[in-house]
K.L.:
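Have a look at this one before I ask anything.
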Amino acid sequence: MSLMQTLGLKPAALASSLAKAKVLVVGDVMLDRYWFGDVSRISPEAPVPVAKIGRSEERAGGAANVARNIAGLGGKATILSVVGDDEAADALERLLKADGIVTSFKRDSNIATTVKLRVVARQQQLIRLDFEDAPSHEILAGKLEEFADIVAAHDVVILSDYGKGGLTHVAEMIQLARAAGKPVLIDPKGDDYSKYAGATLLTPNRSEFRQVAGGWKDEASLTAKAQALRAELNLDALLVTRSEEGMTLFRADGGDQRGDTGRGDGHRDAKVVQLDIGGGLGRGGLGNQHQWFAVWRWGGCT
């Protein structure tokens, strides 16, 4: 049974809620590029395959993909991020605008937009090339100022952290959003979760949670560690995604709910959970609305 079914929620209700919601997504965006070709020989220069490229694709990745998932489900998404002043940023902005997403890119001429270039042949990835730089302090300060200006115009904030430096001011963003009465949903990165203190919901996967909380031997041990971390960070809830074991939501009232990822509900391209504020997730929710939702990254590692 999916977590949506466990909570008595239906995809139609989710779509209806999303259509009314204005979601501000902030985080590390990237351009995923794919070069598809064929390999029929080994290079005479070195013992490596020679790929003859036949076609290419570009996709919005990282926090940009989160915004696309929201828009694809009917929501109104705004993306705030730092990019380079380059062709890759132009391509990323073009892809997002085509999906009806409001883009607010702070362009930094001193860096390159993050690009993940994958060369694929015979349905196998031969190599991945990463192009990335950390944004400058001045650009990040400008991003924080814009966040403060626009956060009140949105219903919910999603902070998508890929460890590229775009969420350097995450603690300040949490404070600003909560002061404005907006729930803050975070897809975390790294082993220091103290910077996420005060958020509404944190959504680590199993390996990310283990990196921070340590291992567990059974469900009782997992629950104890999860609730300890939730309390330490003053979160409304902690949602741990557990691969083939589904996901478990740990609430501030001490309860927990478990279900699968809900992909069978027709949302394969976005892990979506709609949570009932009346079930114990009330602090600073969506005003007097009954439900809110979390959408976070889906796909491979970065």
Side-chain angles (χ1 to χ4, degrees), residues 25 27-69 72 79 81-99 103 105-136 139 160-168 187-192 204-212 241-244 261 263 268-271 296-302:
V25 181
D28 301 307
V29 298
M30 56 197 72
L31 181 65
D32 287 329
R33 278 190 167 137
Y34 297 84
W35 288 358
F36 297 96
D38 192 21
V39 171
S40 59
R41 63 190 179 95
I42 301 298
S43 171
E45 302 170 357
V48 296
V50 176
K52 183 179 180 181
I53 304 302
R55 64 183 178 91
S56 63
E57 290 183 11
E58 293 180 334
R59 305 171 189 171
N65 190 45
V66 175
R68 286 189 68 249
N69 288 332
I79 181 78
S81 189
V82 175
V83 295
D85 190 12
D86 52 23
E87 173 272 335
D90 293 340
L92 191 54
E93 188 167 17
R94 183 171 60 253
L95 288 169
L96 292 171
K97 286 185 175 180
D99 287 322
T103 59
F105 285 167
K106 312 300 287 187
R107 297 208 175 211
D108 188 342
S109 60
N110 295 316
I111 69 170
T113 300
T114 299
V115 175
K116 310 293 184 182
L117 172 59
R118 300 165 177 86
V119 180
V120 181
R122 297 184 179 181
Q123 299 181 332
Q124 291 186 332
Q125 186 177 139
L126 301 181
I127 190 171
R128 191 182 90 173
L129 307 175
D130 290 2
F131 305 86
E132 60 185 56
D133 295 300
S136 66
I139 293 294
S160 189
D161 195 349
Y162 283 79
K164 310 302 181 187
L167 285 179
T168 298
D187 191 7
K189 190 75 171 181
D191 57 6
D192 179 15
N205 62 35
R206 181 170 55 188
S207 61
E208 290 169 338
F209 179 72
R210 183 181 287 111
Q211 183 181 9
V212 173
T241 58
R242 304 169 61 185
S243 188
E244 71 280 355
T261 56
R263 293 181 188 176
R268 182 180 61 82
D269 292 330
K271 293 177 180 176
W296 63 98
R297 72 174 182 254
W298 177 81
C301 300
T302 61

K.L.:
Hey, what do you get for CG (Asp133) to CD1 (Ile111), rounding to the nearest 0.5 Å?
P.N.:
6.0 Å

K.L.:
Rounded to the nearest 0.5 Å, how far does CG of Leu167 lie from OG of Ser81?
P.N.:
8.0 Å

K.L.:
Using 0.5 Å steps for rounding, measure from the OG atom of Ser56 to the OH atom of Tyr34.
P.N.:
12.5 Å

K.L.:
Please answer whether the main-chain N or O of Gly166 pairs with a side-chain N or O of Asp28 as donor and acceptor at a distance below 3.5 Å.
P.N.:
yes

K.L.:
Asp32 and Gly61: which non-hydrogen atoms are nearest, and at how many Å?
P.N.:
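Distance-wise, the nearest heavy atoms are OD2-CA, 3.5 Å.
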
K.L.:
Starting from the C-alpha separation in whole Å, work towards a yes-or-no answer on side-chain contact (heavy atoms from CB on, under 4.5 Å) for Ile53 and Val119.
P.N.:
CA-CA 8 Å; Ile53 304 302; Val119 180; 4.1 Å; yes

K.L.:
Do side-chain atoms of Arg33 reach the backbone of Val115 as a donor and acceptor pair under 3.5 angstrom?
P.N.:
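Not confirmed, Arg33 side chain does not pair with Val115 backbone.
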
K.L.:
Let me confirm one number: the CZ-NZ distance from Arg41 to Lys52, rounded to the nearest 0.5 Å.
P.N.:
9.5 Å

K.L.:
Between Leu95 and Leu31, is a side-chain contact (heavy atoms from CB on, under 4.5 Å) present by the stated rule, with each step listed?
P.N.:
CA-CA 10 Å; Leu95 288 169; Leu31 181 65; 3.8 Å; yes

K.L.:
Are the side chain of Asp85 and the backbone N or O of Arg107 linked by a donor-acceptor pair below 3.5 Å?
P.N.:
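No, Asp85 side chain to Arg107 backbone: no donor-acceptor pair under 3.5 Å.
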
K.L.:
Testing the basics here: between Ala60 and Leu96, what is the closest heavy-atom pair and its distance to 0.1 Å?
P.N.:
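What the structure gives for the nearest pair is CB-CD2, 4.0 Å.
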
K.L.:
At what distance, to the nearest 0.5 angstrom, does CZ of Arg128 lie from CG of Asp130?
P.N.:
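Interatomic distance, Arg128 CZ to Asp130 CG, rounded to 0.5 Å: 4.0 Å.
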
K.L.:
Taking all non-hydrogen atoms of both residues, which atom of Thr114 and which atom of Val29 are closest, and how far apart?
P.N.:
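Minimum heavy-atom separation between Thr114 and Val29: CB-O, 3.8 Å.
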
K.L.:
Over all heavy atoms of both residues, which pair between Glu58 and Ala91 is shortest? Give the atoms and the distance, please.
P.N.:
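Closest approach of Glu58 to Ala91, heavy atoms only: OE1-CB, 3.7 Å.
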
K.L.:
On a heavy-atom basis, which atom in Thr113 and which in Ala89 lie closest, and how many Å separate them?
P.N.:
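Taking Thr113 first and Ala89 second, the nearest heavy atoms are OG1-CB, 3.4 Å.
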
K.L.:
I need the Ile79 CD1 to Leu92 CG distance, nearest 0.5 Å.
P.N.:
8.5 Å

K.L.:
Evaluate the side-chain contact (heavy atoms from CB on, under 4.5 Å) criterion for residues Lys189 and Tyr162: first the C-alpha distance (whole Å), next the side-chain angles of each, then the deciding distance (0.1 Å), finally the verdict.
P.N.:
CA-CA 6 Å; Lys189 190 75 171 181; Tyr162 283 79; 5.5 Å; no

K.L.:
Quick check: does any side chain N or O of Thr103 sit under 3.5 Å from a backbone N or O of Phe105, one acting as donor and the other as acceptor?
P.N.:
no

K.L.:
Is Asp108 reaching over with its side chain to a backbone N or O of Val82, donor-acceptor style, under 3.5 angstrom?
P.N.:
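No.
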
